[in-house]
Structures are given as structure tokens and as C-alpha cells.
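Sequence positions, counted from 1, serve as the residue numbers for this chain. Both backbone and side-chain heavy atoms feed into the values below; hydrogens, waters and symmetry mates do not.
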Amino acid sequence: MRLNLTVNGTPRQADGVWEGESLLTTLREHLDLPGSKNACEQGECGSCTVYLDGELVCSCLVLAAQAEGREVVTVEGVAPSDAELHEVQRAFVEAGAVQCGFCTPGLIVSTHDLLARRVGRGPITDPEIREALAGNLCRCTGYEKIIDAVRLAAERMERAA
């Protein structure tokens, strides 16, 4: 099957996609976008989180065929350019929130979504952060550095808004 979609702002085609294949597999194996990780294949860990038409989804639960003609944004697409990190990505690095890296893409996309909706409305609260990241599992940390990274990104983006 041939799949036509827009990925990270660029129209893309993927040939040879199996009808039962997940969007995650298509992104990684057909479109050379390895950022989203394949951890649980059950939508439980959040490592494969992407935007599909502006909504967060676990790409392991979405059939590739469901993305036909739609827009996908992956962790690779949240940065303003190939040479520059998004403020969320920068904060994760600076706060030491990147451990093994398996959960990081989903956490970054989920944080990006939270801050896109939240910046400009005053200081963010820890309960808001925890709720936004609830679908993302990290097995390396106690989440404190991750929450620190979200706070840091939120503060910087709030100042810039």
C-alpha cells in the first residue's frame, strides 16, 4: 500500500506499507524517523507519542492507513529547525531529564503539547505537569528531573511569550 501524509510539515509518501502496520512502524521503517520509540506496542508507555492532526496519539495504536492524507508531527518535528532545539528539548538536556532516552521522545512531545496550550496563562503547577505526563512511563528516574525540565521550559517560554 502507498501512504500519503504530511510529516513534520513536509508531504511524504511511504510505499510498501502493510495494511495492518502501525503508524509507529511506518514512521521508523519507511520514513526514516527513529525518534518515536517502540517500547510496549500497547499504548501504555507513551514512548511513541506523536501529534496526529494536532492531537496526541500513541502511534503504536494507530494504523498507518488511518494517517492517509493527515498531518503527523513527531519529536523530530517539534524543533524550529534541524540546527536548533525546541525550548522543551533544551530544558530536558539541561535538567538532566534524559536518561536512557527511551521515554524521552514521548515526554518531549507531551510536554510540548502541554506548554503550547498552557503558556501565557501564568505559572504552571506540578499537578498540571503530572496530569499531562501521566501516560508516559520512565523506568530510569523518579520523574523529578523530568518535572524540573518541564518547569524550566515553562518558565522560559512564559518569559518569551
Student: Could you give the distance from CG (Leu85) to CZ (Phe92), rounded to the nearest 0.5 Å?
Tutor: 12.5 Å
Student: Taking side-chain contact (heavy atoms from CB on, under 4.5 Å) as the definition, give me every residue that meets it alongside Glu55, ordered by chain and number, with sequence neighbours left out.
Tutor: none
Student: Hey, could you give me the CG/CG distance between Asn8 and Leu33, rounded to the nearest 0.5 Å?
Tutor: 6.0 Å
Student: Under 4.5 Å between side-chain heavy atoms, counting indirect links through other Ile/Leu/Val/Met/Phe/Trp/Tyr residues: same cluster for Ile129 and Tyr143 or not?
Tutor: yes
Student: Return the set of residues passing side-chain contact (heavy atoms from CB on, under 4.5 Å) with Ala153 (not counting sequence neighbours), or none when no residue passes.
Tutor: Val88, Ala91, Leu115
Student: Got a sec, which pairs hit ring-ring contact (aromatic ring centres under 6.0 Å, His included) with one end in residues 54-74, sequence neighbours left out?
Tutor: none
Student: Looking only at heavy atoms, which two atoms of Cys48 and Ser59 are closest? And how far apart?
Tutor: O-OG, 2.8 Å
Student: For residues 11-21, run the donor-acceptor check on the side chains, cut-off 3.5 Å, and write out each pair with its distance to 0.1 Å, sequence neighbours left out.
Tutor:
unit_1, atom_1, unit_2, atom_2, d
Arg12, NH2, Leu31, O, 3.1
Gln13, NE2, Asn4, OD1, 3.0
Asp15, OD1, Arg2, NE, 2.6
Asp15, OD1, Arg2, NH2, 3.2
Asp15, OD2, Arg2, NH2, 3.3
Glu21, OE1, His30, NE2, 3.4
Glu21, OE2, Thr26, OG1, 2.7
Glu21, OE2, His30, NE2, 3.1

Student: Got a second to check how far Leu24's CG is from Asn38's CG, nearest 0.5 Å?
Tutor: 5.0 Å
Student: With sequence neighbours left out, write down each residue that passes side-chain contact (heavy atoms from CB on, under 4.5 Å) with Pro80, or none if nothing qualifies.
Tutor: Glu84, His86
Student: Quick one: which residue pairs count as a side chain to side chain donor-acceptor pair (under 3.5 Å) with a foot in residues 99-119, not counting sequence neighbours?
Tutor: Tyr51-His112, Ser110-Asn136, Asp113-Arg117, Arg118-Glu128
Student: Considering only residues two or more places apart or on different chains, which pairs with a residue in residues 150-161 satisfy side chain to side chain donor-acceptor pair (under 3.5 Å)?
Tutor: Glu87-Arg156, Glu94-Arg156, Asp126-Arg151, Asp148-Arg151
Student: Nearest 0.5 Å, please: how far is OG1 in Thr49 from CG in Leu133?
Tutor: 10.0 Å
Student: To the nearest 0.5 Å, tell me how far Glu29 CD sits from Ser22 OG.
Tutor: 8.5 Å
Student: Shared ILVMFWY cluster between Val73 and Leu107, side chains joined below 4.5 angstrom?
Tutor: yes
Student: Can you run down the salt bridge (charged side-chain N to carboxylate O under 4.0 Å, His left out) pairs that involve residues 58-81, sequence neighbours left out, and say none if there aren't any?
Tutor: Asp53-Arg70
Student: Once side-chain contact (heavy atoms from CB on, under 4.5 Å) is applied, do any residues pair with Val62, and if so which ones, sequence neighbours excluded?
Tutor: Leu23, Leu52, Val57, Gln66
Student: Test question: given the 4.5 Å side-chain rule for I, L, V, M, F, W and Y, name all other residues clustered with Val93, or answer none.
Tutor: none
Student: Grab the two heavy atoms, one from Ser36 and one from Thr74, that are nearest each other, plus how far apart they are.
Tutor: OG-CB, 4.3 Å
Student: With sequence neighbours excluded, give me every ring-ring contact (aromatic ring centres under 6.0 Å, His included) pair touching residues 118-142.
Tutor: none
Student: According to salt bridge (charged side-chain N to carboxylate O under 4.0 Å, His left out), does anything in residues 35-46 pair up with another residue at least two apart or in another chain? List the pairs.
Tutor: none
